[in-house]
Structure formats: structure tokens, C-alpha cells
Q: 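I have a structure I would like to understand better, so I am pasting it below and will then ask my questions one at a time.
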Amino acid sequence: MFDKILIANRGEIALRVLRACKELGIATVAVHSTADEDAMHVRLADESVCIGPPPSKDSYLNIPALLAACEITGADAVHPGYGFLAENARFAEILAEHNVHFIGPRPEHIRLMGDKVAAKHAAKKLGIPTVPGSDGSIGSDEEARRLACGIGYPVMVKAAAGGGGRGMKVIHAEGELVSALALARSEAKAAFGDDTIYLEKYLERPRHIEFQVLGDGKGRAVHLGERDCSLQRRHQKVWEEGPSPALNATARDQMGETVAKAMREIKYLGVGTVEFLHEDGAFHFIEMNTRIQVEHPVTEMITDIDLVVEQIRVAADGDLGFTQDKLKFHGHAIECRINAENAVSFRPSPGKIVHYHPPGGLGVRVDSAVYHGYAIPPFYDSLVGKLIVHGKTRSECLMRLKRALDEFVVDGIETTLPLFRALAREKDIIDGDYHIHWLEEFLARGGLDQ
Ligand code: ADP
């Protein structure tokens with residue numbers, strides 16, 4: 001096992017990792033920018049190191065500063081959390097060159113899944129169904145025209161290096177194709193430094209269903225069921241739940257086994273998420289994320305498995321803590337991502353929290369790094385915290401969620417709490433009857449104002 005882990009992140013995920021380290025008896029090092037001196041993860045860690053000024057590129061993305069922090073503190077492993085350097089294969093390699101463990105998959109798998117075109121190829125080869133589309137990146141406009149015609153409009157153009165819901169465009173008819181491709185290429189180049197693009201069938205009413213996997217790097221791998229992340233705004237997840245209201249046990253077992261088998265075949269190491277769009281009973285792979293995800297607590301609540309502990313364990317010893325047949329799913333969990341934003345305009349609202357009262361009680365978990373009097377800095381993402389609620393059934397979970405949302409007090413800044421209070425009372429949500437465009441349509445018709 002590791003002796004000391006440096007947590008190369010901030011906010012709730014830094015605190016989440018810190019908690020897992022403490023329960024494993026591992027010493028912790030927090031790193032922080034000058035804007036995060038008062039952050040909770042800094043207060044609770046055994047040691048802390050300032051790694052630079054507020055902009056992420058000078059601090060949380062500053063590899064030389066992180067290496068120096070490992071050197072100074074004698075940390076033997078780094079947990080990257082999510083975002084920042086979590087899916088940077090080069091960072092993993094540089095750490096290895098300095099005899100520091102990267103708690104995550106091997107660089108070759110980070111690289112493979114970070115290129116969405118290569119990832120789709122790999123998925124196909126591994127027997128995972130993909131979204132119909134171009135077989136690889138697209139070259140000429142003429143080729144794209146032929147492909148789009150074959151796939152059938154509407155199609156989606158995506159950036160091979162895309163992420164975070166960016167770099168995607170819908171093309172409804174052939175007349176829009178050439179200009180959309182040019183725009184997609186230039187945007188992809190500007191945002192990701194890579195103008196490789198590809199085409200996919202645009203699915204009109206799918207759900208986003210993803211499977212959590214865990215592998216030991218030696219050919220053993222399990223799946224931990226699915227999360228339904230269909231409630232999205234601008235392709236960003238807002239509400240996640242598990243199990244999916246749209247799947248039965250047979251469909252779950254079948255697709256879960258397909259992804260676990262694929263992970264065994266590539267000898268995947270660590271936690272990962274295989275993401276699908278699901279429409280008319282069929283799964284279509286879109287991408288794989290090679291990190292712990294924001295929504296991982298949903299899975300933890302219905303499996304009683306601490307995913308971060310397991311992630312650290314396999315990275316250190318290569319041993320899975322359990323086998324597939326030992327894993328039991330129980331009840332239902334829902335996570336709400338509560339942001340420091342106006343609930344109607346989604347305008348960011350950083351600033352000081354003058355009163356903070358998180359909900360509690362049976363089946364209620366709040367993963368957050370804020371506290372009474374804490375000022376949310378304007379430099380990073382606007383996540384205030386995640387409210388995760390568990391119930392024996394989905395309806396119990398929804399009742400508990402409403403109760404917990406009503407208890408939640410965050411004063412001094414605007415938050416998206418009113419959005420969730422409204423969602424938890426919507427008939428389609430209560431019925432589990434929604435798809436990836438449902439939330440945008442709800443917002444467009446002024447659902448929140450009623
Ligand atoms: P990112 O890596 O940026 O998160 P993803 O490929 O995971 O991108 O897609 C994010 C979201 O975009 C999906 O959950 C879905 O809502 C939408 N999306 C992606 N591909 C398609 C598609 N082919 N058809 C319709 N929607 C899509």
C-alpha cells in the first residue's frame with residue numbers, strides 16, 4: 001500500500017479522496033493555488049503545498065510544481081481526482097519516470113480512450129456496439145457528404161479530442177454540412193489543439209446510460225451496474241441516478257458483462273466508465289472515461305462499495321476487493337449537482353456563503369467542500385456540492401430527495417437548488433420518463449417559472 005498520497009485536485013473531489021486515504025491509513029498531501037488557501041481539503045490534509053497562482057494552468061495543471069510537491073513531501077503516489085490532469089497520459093508517464101505512482105489506468109489506455117475515434121474503433125473490436133457513423137476521422141468534405149448520406153440526417157459532427165460536452169454540432173440537412181464541418185474543425189483546433197473530427201448518427205430521443213467498471217490490470221474486471229445521466233444541459237450532466245429507470249436486470253447483466261469482458265481483454269487497470277446512448281432498447285457506445293467520475297457516489301450508494309478506496313487498492317496492490325458474484329445492487333440513488341449559478345439563467349454566482357446548512361438523515365449524503373463563511377472563488381468550476389440520496393425504491397428515493405432539497409440552505413450566493421426542487425416534482429421525472437433533451441426542452445418552455 002502507498003504511504004503518502006498527494007491529491008492533485010481541489011474542491012469536493014479532493015476532500016472525497018482525502019477521506020478514502022484517511023480510512024486506509026494513508027498520509028495525505030493537499031496542493032492548492034493561492035486562491036484556495038482556506039479550502040477544506042487544505043485544512044484537513046496532513047500536509048499542504050502551494051503550487052501557484054489562481055489560474056489552473058499555473059497551479060492545478062502545473063506539472064513541474066506538482067512534481068516538486070511530491071519531491072518535497074515524499075509522496076509515493078498521486079491521485080488526480082477528475083478534470084485537471086486526470087486524463088493526461090503524459091502526466092502519468094512523467095510521474096512514473098520520477099518513481100511516483102499515478103492512481104489511474106496505464107497511459108496507453110488513457111491515450112486510447114482520450115481519442116474518441118480510436119476509442120470507438122477499440123470498442124467495436126471488443127464487441128461493444130457503437131453509434132453508427134464514420135469509421136474513423138473524416139478527410140474531405142466530399143467524403144463527409146457521402147458518409148452523412150449513408151448514415152442519414154440528422155448527423156452529429158464531433159471532435160476526436162473533445163470533452164466536457166464541447167466540440168459537437170448537429171447537422172440537420174446536407175445544405176448545412178460544409179459550413180458546419182469547417183466550423184467544427186476550427187473550433188476543435190482552437191479548443192483542443194487537434195482538428196480531427198468524425199461523424200455520427202444524431203440520436204433524437206436516447207438516454208445516456210453508463211456502466212461503471214473496475215479492473216485489476218491483470219485481466220480481472222467487474223462492472224458495478226449503470227447510471228442514467230440523461231438529464232443534461234449543454235451536454236453536461238445535471239442529475240444522475242442508478243439503476244436506470246429504463247433498464248431491467250437482464251439488460252443490465254448483459255451489457256454489464258459485455259463491458260466487463262472488454263475490460264478483461266484489454267487488462268484495464270482502475271476505475272472507468274463506459275458511456276452509451278440507449279434508444280429503442282439498443283445500446284450505442286459513445287466514449288469511455290478513464291477516471292473517477294463526478295457521479296460515482298450513485299454507484300457507491302447502491303453497491304456499498306467505496307470506489308475511491310478500490311481505485312487506490314488496485315493501483316497499489318493490483319487486487320480487486322470483490323468478485324462480480326459478490327456484488328449486490330440494492331435500492332435506488334439519485335445525485336443532484338448543485339452549482340453556484342442562477343437557476344434560471346445559469347449565470348455563475350461565485351462569492352461568500354453566509355449561511356450553510358446541508359441536509360442529513362438516513363440515506364442522505366452531501367459531498368461538498370464548502371462551509372459556513374467560505375467564499376467560492378471565481379476561477380474554477382461552479383460546483384457547490386453534490387446531494388446524493390438513497391432509498392429502498394425509486395419512489396422512496398424521490399420523496400427523500402424532495403425532503404433533503406427543502407432542508408438544504410445555501411445563502412449569500414445563487415444556486416441551482418430551485419431547479420432540483422422543481423425537477424423532483426415533475427411528472428416525467430417521477431415516472432422516469434425522460435431522455436437527453438428533456439431538460440433543455442423543460443427549460444425552453446419556462447418550466448421553472450411555473
Ligand atoms: P463529452 O466527452 O464531451 O462528454 P460525449 O461523447 O460523452 O462527450 O457526449 C456527451 C453528450 O452529448 C451525451 O451524453 C449526449 O447527450 C450528447 N451526444 C453525444 N453523441 C450524441 C449522438 N450521436 N446523438 C445525440 N446526442 C449525442
Side-chain angles (χ1 to χ4, degrees), residues 82-84 86-88 110-124 128-135 137-138 144 147-148 150-172 180 184 187-188 190-192 194 196-212 226-242 244 246 259 272-280 282-296 298 335 337 381 434-443:
Y82 54 65
F84 295 133
E87 284 164 298
N88 184 318
I110 302 177
R111 213 165 256 134
L112 173 68
M113 297 305 173
D115 177 339
K116 292 181 163 199
V117 171
K120 265 184 93 170
H121 261 301
K124 247 190 196 164
I128 297 177
T130 58
V131 185
S134 56
D135 224 14
S137 57
I138 43 176
L147 278 167
I151 299 166
Y153 290 92
V155 295
M156 197 171 206
V157 54
K158 293 170 105 172
R166 292 175 310 149
M168 287 176 250
K169 268 186 210 327
V170 186
I171 304 169
H172 296 278
E187 284 183 8
F192 313 110
D194 177 353
T196 310
I197 51 168
Y198 64 106
L199 280 183
E200 247 175 35
K201 173 90 193 141
Y202 178 68
L203 300 178
E204 309 223 29
R205 285 279 184 273
R207 301 180 80 114
H208 174 120
I209 297 180
E210 58 185 35
F211 280 82
Q212 176 71 56
E226 84 285 8
R227 297 181 288 258
D228 194 316
C229 313
S230 303
L231 287 174
Q232 304 180 350
R233 181 177 166 268
R234 298 193 172 164
H235 307 304
Q236 299 255 39
K237 298 159 190 167
V238 168
W239 158 308
E240 301 100 346
E241 62 180 296
S244 167
V259 294
T273 304
V274 182
E275 299 194 335
F276 294 93
L277 295 179
H278 182 259
E279 196 172 53
D280 302 328
F283 283 99
H284 307 280
F285 170 90
I286 43 173
E287 68 162 347
M288 176 170 184
N289 290 316
T290 55
R291 57 163 193 269
I292 190 84
Q293 284 193 281
V294 177
E295 60 272 26
H296 75 275
V298 167
E335 174 182 279
R337 298 192 193 190
D381 68 44
Y434 57 83
H435 50 80
I436 59 168
H437 306 298
W438 187 94
L439 181 57
E440 299 262 12
E441 289 170 7
F442 169 80
L443 295 169

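The first residue in the sequence is number 1, and the count goes up from there. What's counted below: heavy atoms across the whole structure, side chains too, no hydrogens, waters or symmetry copies. First listed ligand is number 1; within each ligand, the first listed atom is number 1.
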Q: Taking the side chain as everything from C-beta on, heavy atoms only, tell me whether Gln212 gets closer than 4.5 Å to Glu295.
A: no
Q: May I have the step-by-step check of side chain to side chain contact (heavy atoms under 4.5 Å, CB included) for Met113 and Arg291, ending in yes or no?
A: CA-CA 11 Å; Met113 297 305 173; Arg291 57 163 193 269; over 6 Å; no
Q: Please state which option from His235, Glu204, His437 has its nearest heavy atom closest to atom 17 (C) of ligand 1.
A: His235
Q: Can you name the atoms of ligand 1, numbered from 1 with element, that are less than 4.0 Å from a heavy atom of Arg166?
A: 3 (O)
Q: Does the plane of the ring in Phe276 sit parallel, tilted or perpendicular to the ring in Phe211? Use 30° and 60° as the thresholds.
A: perpendicular
Q: Should you measure from each heavy atom of Glu275, which atoms of ligand 1 turn up under 4.0 Å away?
A: 7 (O)
Q: Side chain, backbone, both or neither: which part of Lys116 has a heavy atom under 4.0 Å from ligand 1?
A: side chain
Q: Going by atom types alone, do Glu210 and Thr273 pair a side-chain donor with an acceptor below 3.5 Å?
A: no
Q: Answer yes or no: is there an ion pair linking Arg205 with Glu441, defined by an N-O contact shorter than 4.0 Å?
A: yes
Q: Which residue and non-hydrogen atom of the protein lie closest to atom 24 (N) of ligand 1, and at what distance in Å?
A: Leu203 N, 3.0 Å
Q: Report yes if some N/O of Gly164 lies less than 3.5 Å from some N/O of ligand 1; otherwise report no.
A: yes
Q: Students should be able to answer this: which protein heavy-atom is nearest to atom 20 (N) of ligand 1, and at what distance?
A: Lys158 NZ, 2.8 Å
Q: Is the contact between Asn289 and ligand 1 made by the side chain, the backbone, both, or neither, using heavy atoms and a 4.0 Å cut-off?
A: neither
Q: List the closest protein heavy-atom neighbour of atom 9 (O) of ligand 1: residue, atom name, distance to the nearest 0.1 Å.
A: Met168 CE, 3.7 Å
Q: Short list, please: which atoms of ligand 1 are under 4.0 Å from a heavy atom of Gly165?
A: 1 (P), 3 (O), 4 (O)
Q: For atom 26 (N) of ligand 1, what's the nearest protein heavy atom and its distance?
A: Ile436 CD1, 3.4 Å
Q: Hey, looking at atom 23 (N) of ligand 1, which of Gln236, His208, Glu200 has the closest heavy atom?
A: Glu200
Q: Under 3.5 Å between some N or O of ligand 1 and some N or O of Leu277?
A: no
Q: For ligand 1, indicate whether the residue Gln232 contacts it via side chain, backbone, both or neither (heavy-atom separation under 4.0 Å).
A: side chain
Q: What verdict does the side chain to side chain contact (heavy atoms under 4.5 Å, CB included) test give for Val238 and Gln236, after you've listed the backbone C-alpha separation in whole Å, the side-chain angles of each residue and the deciding distance to 0.1 Å?
A: CA-CA 6 Å; Val238 168; Gln236 299 255 39; 5.6 Å; no
Q: Could you check Lys120 against Glu200 for salt bridge (charged side-chain N to carboxylate O under 4.0 Å, His left out), going step by step and ending with a plain yes or no?
A: CA-CA 11 Å; Lys120 265 184 93 170; Glu200 247 175 35; 3.0 Å; yes
Q: For atom 27 (C) of ligand 1, state which one of Met156, Glu440, Glu287 supplies the nearest heavy atom.
A: Met156
Q: Between Arg207 and Asp228, which heavy-atom pair has the shortest distance, and what is it?
A: NE-OD2, 2.8 Å
Q: Against Glu187, only a single residue in Lys158, Lys169, Arg166 fulfils salt bridge (Lys or Arg N to Asp or Glu O under 4.0 Å); can you say which?
A: Lys169
Q: What is the minimum heavy-atom distance between Ala122 and Leu112, and which atoms define it?
A: CB-CD2, 4.0 Å
